[in-house]
Amino acid sequence: MFEEVVDVPETAREFDVVVVGAGIGGLYGVHRFASQGLSVLGLEGASGVGGVWFHNRYPGARVDIESFDYCYYFSSELYNEWEWSERYATQSELLRYLNHVADRFDIRRHFLFETWVTGAQWDKEASRYRVTVSSGDTFTCRFLVMATGNLSAARDPQFPGLEKFQGEWVQASHWPDREVELAGRRIGVIGTGSSGVQTVPVVAKVAEHVTVFQRSPNFSVPAHNGPMSKDTWDRIRQDVPGERAALMASAGARHVSPGTSNAADLTPEQREELLEKSWSYGGHVFQRTFADQGTDDFSNSVAAEFVRNKIRSIVDDPELAEKLCPKDHPVGSRRLCVDTDYYATYNRDNVTLVDVSEHAIERFDETGIITADGTHHELDLVIFALGFNAFTGAIDNANIRNAEGASPTDHWDRGPRTLLGMTTTGFPNLFISTGPGSPAVLANLTVHNEQCMDWIGDCIAYLDKSGYATIEASEEAQDEWTARVAEAAGSLLRLRTKNYMVHVNADDQSRVFIPYVGGFGNYVARCNEIAENGYEGFVLK
Ligand code: NAP
């Protein structure tokens, strides 16, 4: 299925651009840079294209943004020829789509697959990065573009005794490319974020028994998946460039109309009606039911209680329902999960919830998991859905070093410091697509990656045209942007929650919200303004 077609000449060692990653960002970046006449090498550790959609092939994996938005917009022909079969595409359909894109635009020939980046050293004299890879080869490039994603470096299981376990274990984020037997097995799922919430209902249908180990309950809303809704899709197809431009100016790079009323201005009946409408529509629209839901305690508590009451009405066992009700964080402050039958699955006889906030997982033994209350949970298969070393994990894994031997994240102990989320001071000619300090995971990442790669491509063209060899974020401009990112997050309820989007400072426990939350459109406008002003805030040499 993932036939490797490598067309990188044996002798080619020097490139204008090296792009790391063949996911949504890397595929488009390579295509974009090659189209403007640059020599490009793509490096990908997996055996095929797809990025997260290559690796996250766990049962039930599907995108939680509507398919008409979660796709490329740069080509009207591509947009119009691809027929999405469902409102929320499955992982396998997304992977087919990304393979189609790679073939259609002949992108694969620029990539080396099964090739991990092991290091990237900036050579100040040559103004080039020296990129070493797992095969032992070295390549050099003028520009290094990280398209490694924010949620790609998996948090590996670290449970005592796991090595003794005689059953099978797999990671949702690196699901093996082979049949994993589910039918008739006693399956444990650890982790109840978006991945766990998607996989539990699917495996429960075939497993002998599913034991879900929940440390924190998350809010989840129904997807109401089904066939693609034709109205919006047909409208977009009539004017893809116009819709793309509209998305570039929108709050989250997708077609969502946020609520316009504050909860306090509505009667209880009106509030209930709006919440019911969002719930019935399905998906992330729920967290924007009220205009002030992300910033106002009252508004958020009304929405949160609405979801808790839904859980109580769906789950038959009241005690179990309470365990599934999140009470320690505002709704939407962690990424809202989008599910199909998640809560109803707990009414099945073959599903048990183990609250590991009460009795932590103590260790594995040969046949299962022992929790702190001494209970032994017999298991044949364990699925870890533990999340990611978000934002910085994949950057760290590439071992990038500047002339002084520092890594990009060395000075990020009080939160990431970037200019536009794409560059960081001290690292000339290094770009990160949708990095920390950009809207990142808060925006639709297909369109966001297109925007970042276009900006980077235009920037390289400007440098070449103007005779500059290097570009680097100035300290002042980086400080200014970092302050802007913090200011945008100032009144957010999200900051109260501990999760992968919040950096907690070790010394004083103060919090930094990592993505830029001031709106995708405002972000794009600032990126464009900086470019139009001759890359103000950057040092060009
Ligand atoms: P996640 O949201 O970070 O969830 C990880 C889960 O593992 C949490 O429930 C966490 O509990 C639990 N966990 C971690 N270590 C544990 C331990 N030692 N013992 C017990 N539980 C432990 O990760 P995710 O579910 O992979 O989702 C991450 C993000 O990926 C999502 O927010 C979303 O942006 C993206 N994603 C998207 C889709 C989609 O498009 N449909 C699907 C999957 C993922 P605590 O909460 O207590 O830490």
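Sequence positions, counted from 1, serve as the residue numbers for this chain. Both counts, for ligands and for their atoms, begin at 1 and track the order of listing.
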| remark: Taken in chain and number order and not counting sequence neighbours, the residues that satisfy salt bridge (Lys or Arg N to Asp or Glu O under 4.0 Å) with Glu81 are Arg104

| message | At less than 4.0 angstrom from any atom of ligand 1, which residues have a non-hydrogen atom? List them by chain and residue number. | response | Tyr58, Arg62, Val63, Asp64, Leu151, Arg155, Phe159, Ile190, Gly191, Thr192, Gly193, Ser194, Ser195, Gln198, Arg215, Ser216, Arg334, Arg335, Ala385, Leu386, Gly387, Phe388, Tyr500

| field | Mutual orientation of the aromatic rings belonging to Trp279 and Phe286 [parallel < 30°, tilted 30-60°, perpendicular > 60°] | value | perpendicular

| Enclosure of Glu319 CD (heavy-atom neighbours >12, cutoff 6.0 Å) | no

| salt bridge (Lys or Arg N to Asp or Glu O under 4.0 Å) against Arg235, all qualifying residues, sequence neighbours excluded | Glu243

| Are a donor atom and an acceptor atom from the side chains of Asn499 and Thr497 found within less than 3.5 Å of each other? | no

| Can you name the ring-ring contact (aromatic ring centres under 6.0 Å, His included) partners of Tyr28, sequence neighbours left out? | Phe74

